[in-house]
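Written out below as structure tokens is the structure these notes cover.
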Number of protein chains: 2
Amino acid sequence: MRIGQLARRSGVSVRALRYYEEQRLLESARTSGGQRDYPDEALERVQLIQDLFAAGLSSRTVVELLPCVSTGVATPAMLDQLIIERDRIAARIEDLTRAKTKLGRVIENVAAANVAQD
Amino acid sequence: MRIGQLARRSGVSVRALRYYEEQRLLESARTSGGQRDYPDEALERVQLIQDLFAAGLSSRTVVELLPCVSTGVATPAMLDQLIIERDRIAARIEDLTRAKTKLGRVIENVAAANVAQD
DNA sequence: CTCGTACCTCACGTTGACGTCAGGTTTAGG
DNA sequence: CCTAAACCTGACGTCAACGTGAGGTACGAG
């Protein structure tokens, strides 16, 4: 599969895929002419990368953790890092939940005031 | 209160406070010598700004929503924006929860493998 | 009055994940 | 063989929320 097709299938840009390779997150074979040629599994890998980015992990962290996330094998240091990241995500969820509750209260107040005005 | 004290009390940097003013998120009176002078309420306001930033809102959005968040009075357009932001936060929470679950499973697998190896 | 600290205004630097040219090459189809 | 579309490698631009340094001013204690 060539880069354009992988981009369309995964929903990320061609530029992003080249960037992933630059960051050693994604490998590619090359044709005799030098064009990238991806195996089918690359699609899952790109989606995994996107998920980890969406969780707020940096590319540096992702490149460290990708092996064990996809293979299930990890050194103790990698396990520690995994736990750190999971806890970071949990803390972030708590922050967001508080903010959501706060905004929800503001919305209720505003809506109540508007109804009262009608 | 001067800027250094507000910075210490709120836990944000002096630079950040000046930035908030530049973005019209925070006002200040000035002494005859041109130094910023904040009322006590500024502390709550700074904390509110931090909360909204932590929720992932941009300074542009915060400057639009700050009036109604602190006063409870909002135009219909502001109410719509509030709802949009709340839903965005909710969606983000779902993303993070999925990622956390995924990492949790990886951690369990790795831990199980390590125990088996002992 | 003098010192030390806090404050002021520019204004350029930082970081991450790409976007966006420029200028050239490869590929697939007719 | 010819062409259009897709691809290639640099390399500079972007955006947000500040960090950081330069060079100068204000304030409070003694």
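Since we're looking at a predicted model, the values are computed, not measured. Residue numbers start from 1 in every chain, and the chains themselves are labelled A, B, ... in the order their sequence lines are given, proteins ahead of strands.
- Without hydrogens or angle criteria, B:Asp37 side chain to B:Met1 main chain gives a donor-acceptor distance under 3.5 Å.
- Atom CZ of A:Arg24 is separated from atom P of C:dG16 by 18 Å (rounded to the nearest Å).
- One can place CZ of B:Arg15 at 14 Å from P of D:dA16, the figure rounded to the nearest angstrom.
- Regarding contacts with the backbone of C:dG16, every side-chain N or O of A:Ser59 stays at 4.0 angstrom or more from both OP1 and OP2.
- C:dA17 atom P lies 11 Å from atom CD of A:Gln50, rounded to whole Å.
- Donor-acceptor pairing under 3.5 Å is lacking for the side chains of A:Gln35 and A:Arg30.
- The backbone N or O of B:Ala54 sits less than 3.5 Å from a side-chain atom of A:Arg92, completing a donor-acceptor pair.
- Between the side chain of A:Asn109 and the backbone N or O of B:Gly72 there is no donor-acceptor pair closer than 3.5 Å.
- At D:dA17, one or more side-chain N or O atoms of B:Tyr19 fall inside 4.0 Å of OP1 or OP2 (strictly under the cut-off).
- Across all strands shown, A:Arg60 has no heavy atoms under 4.0 Å from either base or sugar-phosphate atoms.
- For A:Ser58, no side-chain nitrogen or oxygen approaches OP1 or OP2 of C:dA17 to under 4.0 Å.
- Nucleotide C:dA17 holds its C1' atom 16 Å from the CG atom of A:Asp51, rounded to whole Å.
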I'd like a list of close polar pairs between nucleotides 1-7 of chain C and the protein, N/O only, cut-off under 3.5 Å.
unit_1, atom_1, unit_2, atom_2, d
C:dC7, OP1, B:Gly4, N, 2.7

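- With the nearest nucleotide of DNA chain D identified for both B:Ala16 and A:Gly33, A:Gly33 has the one nearer the 5' end.
- A:Leu26 has its CG atom 15 Å from the P atom of C:dA17, to the nearest Å.
- We find that CD of B:Glu22 is positioned 13 Å from P of C:dC8, with the value rounded to whole Å.
- Of the candidates C:dT27, C:dC8, D:dA17, the closest approach to any side-chain atom of A:Ser32 belongs to C:dT27.
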Apply side chain to side chain donor-acceptor pair (under 3.5 Å) to residues B:Ser10 and B:Gln50 and explain how you reach the verdict. CA-CA 9 Å; B:Ser10 62; B:Gln50 286 293 98; over 6 Å; no

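- With hydrogens and angles disregarded, no donor-acceptor distance shorter than 3.5 Å links the side chain of A:Thr61 to the backbone of A:Leu57.
- Of the candidate nucleotides C:dT27, D:dC18, C:dC18, C:dC18 has the atom lying nearest to any side-chain atom of A:Tyr20.
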side-chain contact (heavy atoms from CB on, under 4.5 Å) evaluation trace for A:Arg36 with A:Arg18: CA-CA 9 Å; A:Arg36 290 174 179 81; A:Arg18 295 203 186 103; 3.6 Å; yes

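- Straight-line distance from the CG atom of A:Leu25 to the C1' atom of C:dC18: 13 Å, rounded to whole Å.
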